[in-house]
Amino acid sequence: MLLQLENVLDATKLTNIREMLTKVTFVNGKHSAGHAANRVKNNEEMKQGTQQAEYLDHLLMGSLAENADFRSSALPYRVAQPVFARYTQGMQYGNHVDDPIMGGGAEKFRTDVSITVFLNEPEDYDGGELIISTSFGEKAVKLPAGSAVIYPSSSIHRVAEITRGERLAAIVWLQSMVRDPAQRELLYELDQARNTLLTSKPDAPETKQVDHSYVNLLRMWSEV
């Protein structure tokens, strides 16, 4: 499932993030790439392990956690520390698939879902589309600042070359409680219908049936 989320970050949070990113250190993005991705990756990433990085991590992840569509579609179980990436003119990230396992030691987790959060406006740069391969062909995504796109980590995807300006984005990977992407999509659609019924017809028999089905399908498919 490829899902766009609007207004994950409000104007105040975006301003805070962008101001903070002008003060942090960026390093060559190849340091975090796997062997295959290293050959096609050309960007910069914020240096981790600083107070600024910790502040930005909490700000971004807190905003995602508050988003109902994020919780419903991703069903997060374990979440990686976000990466804040910068692309300037001439930079791009060629076709790749995200690493299947991230973290280290007891903190290792499987990557099921990837999220890209756009941090500056589309008119700030030319190029820089996130291009995701789907069963219906390629989908180019370039969203307003504060919006995000969720997609399976198994998808082949790339970031088109920047021909003008600067692209800022945050990328998050997570292990879902439900491993199978088709099952996650069905659960998300069912949850949308469930929430509508719980609001409009809380006591109706069909509401109870849909709620019962959602809860037990999640129980059946969850690995937690």
Side-chain angles (χ1 to χ4, degrees), residues 1-10 13 57-83 96-118 130 132-139 141 143 146-157 169-224:
M1 175 173 58
L2 192 155
L3 179 68
Q4 296 182 14
L5 306 178
E6 297 180 354
N7 302 317
V8 172
L9 296 167
D10 61 28
K13 291 178 180 178
D57 292 350
H58 286 305
L59 185 59
L60 177 65
M61 297 312 300
S63 298
L64 279 172
E66 293 171 358
N67 188 284
D69 280 334
F70 166 73
R71 298 193 304 270
S72 178
S73 62
L75 297 169
Y77 177 47
R78 293 189 177 97
V79 183
Q81 187 177 32
V83 168
H96 65 284
V97 176
D98 291 332
D99 289 345
I101 305 294
M102 293 188 181
E107 302 300 320
K108 283 185 178 179
F109 66 97
R110 184 186 66 242
T111 55
D112 298 319
V113 178
S114 300
I115 306 102
T116 295
V117 184
F118 293 81
L130 173 63
I132 306 167
S133 296
T134 76
S135 55
F136 301 101
E138 291 189 337
K139 173 72 173 179
V141 184
L143 301 180
S147 297
V149 60
I150 296 179
Y151 49 100
S153 300
S154 57
S155 303
I156 297 173
H157 55 282
I171 304 92
V172 179
W173 300 271
L174 63 87
Q175 179 174 337
S176 177
M177 290 185 287
V178 176
R179 180 173 188 164
D180 185 271
Q183 292 175 347
R184 286 198 306 273
E185 184 170 1
L186 285 172
L187 285 169
Y188 174 70
E189 292 174 351
L190 186 58
D191 194 32
Q192 298 303 293
R194 169 178 172 255
N195 289 331
T196 298
L197 288 170
L198 286 170
T199 300
S200 61
K201 301 178 180 180
D203 299 318
E206 58 267 30
T207 302
K208 295 177 181 178
Q209 288 176 328
V210 171
D211 182 51
H212 178 266
S213 296
Y214 173 81
V215 169
N216 282 324
L217 280 174
L218 180 56
R219 191 193 325 274
M220 181 187 303
W221 290 339
S222 173
E223 298 182 343
V224 178

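Other residues, nucleotides and ligands contribute only 12 or fewer heavy atoms inside 6.0 Å of the CD atom of E6. Within a 6.0 Å radius of NZ in K139, other residues, nucleotides and ligands contribute 12 heavy atoms or fewer. Within a 6.0 Å radius of CD in E206, other residues, nucleotides and ligands contribute more than 12 heavy atoms. Counting non-hydrogen atoms of other residues, nucleotides and ligands closer than 6.0 Å to CD1 of I101 gives a total above 12.
For the atom pair Q183 CD and M220 CE, the distance stands at 9.5 Å (nearest 0.5 Å). Rounding to the nearest 0.5 Å gives a distance of 7.5 Å between CD1 of I150 and CG of N67. If you take OG1 on T134 and CE on M1, they are separated by 13.5 Å, rounding to the nearest 0.5 Å. In this structure, NE2 on H212 lies 10.0 Å from CG on L217, to the nearest 0.5 angstrom. Here the OH-CD distance, from Y77 to Q175, works out to 7.0 Å after rounding to the nearest 0.5 Å. Here CG of L218 is found 10.0 Å from CG of L190. Values are rounded to the nearest 0.5 Å.
Between the T199 side chain and the N195 main chain, a donor and an acceptor come within less than 3.5 Å of each other. Of the possible polar contacts, none joining the S176 side chain to the R179 backbone as a donor-acceptor pair under 3.5 Å is found. Listed for the S63 side chain is no donor-acceptor partner under 3.5 Å among the backbone atoms of L9. R110 contributes no side-chain N or O that, together with a main-chain N or O of P100, makes up a donor-acceptor pair within less than 3.5 Å.
Counting all heavy atoms, side chain and backbone alike, L130 lies closest to F118 at CB-CZ, 4.5 Å. Taking both residues in full, the closest heavy atoms of K13 and D10 are given as N-OD1, 2.8 Å, listed atom of the first, atom of the second, then distance. For the pair D69 and L3, the tightest heavy-atom approach, listed with the atom from each and the gap, is O-CD2, 4.3 Å. When all heavy atoms of R184 and D112 are compared, the closest pair comes out as NH2-O, 3.6 Å. Here the shortest heavy-atom pairing between V79 and P76 reads CG2-CB, 4.1 Å. Minimum heavy-atom separation, S153 to V97: O-CG1, 3.5 Å.
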Inset, instruction - Please assess Y214 against L187 for the test side-chain contact (heavy atoms from CB on, under 4.5 Å), listing each intermediate value before the final yes or no. - result: CA-CA 7 Å; Y214 173 81; L187 285 169; 3.9 Å; yes
Inset, instruction - With side-chain hydrogen bond (donor to acceptor under 3.5 Å, both in side chains) as the test, would you mind laying out the steps for S72 and D191 before giving the verdict? - result: CA-CA 7 Å; S72 178; D191 194 32; 2.7 Å; yes
Legend entry - From CA spacing to verdict: side-chain hydrogen bond (donor to acceptor under 3.5 Å, both in side chains), S155, S133: CA-CA 6 Å; S155 303; S133 296; over 6 Å; no
Inset, instruction - For side-chain contact (heavy atoms from CB on, under 4.5 Å), just list the numbers for L143 and T116, CA-CA rounded to whole Å, side-chain angles, deciding distance to a tenth of an Å, and then say yes or no. - result: CA-CA 10 Å; L143 301 180; T116 295; over 6 Å; no
Inset, instruction - Take L2 and I132, measure what side-chain contact (heavy atoms from CB on, under 4.5 Å) needs, and give me the verdict at the end. - result: CA-CA 9 Å; L2 192 155; I132 306 167; 3.6 Å; yes
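Contact of the F70 side chain with the L5 side chain is registered, since non-hydrogen atoms from C-beta on lie closer than 4.5 Å. Contact of the T111 side chain with the D99 side chain is not registered, since no non-hydrogen atoms from C-beta on lie closer than 4.5 Å. Here the side chains of W173 and V83 are in contact, with some heavy-atom distance below 4.5 Å. Side-chain atoms of W221 and L75, non-hydrogen and from C-beta on, never get closer than 4.5 Å to each other.
Not counting sequence neighbours, the partners of Y151 by the ring-ring contact (aromatic ring centres under 6.0 Å, His included) test are H157.
Using a cutoff of 4.0 Å between basic side-chain nitrogens and carboxylate oxygens, D211 and K208 are not scored as salt-bridged.
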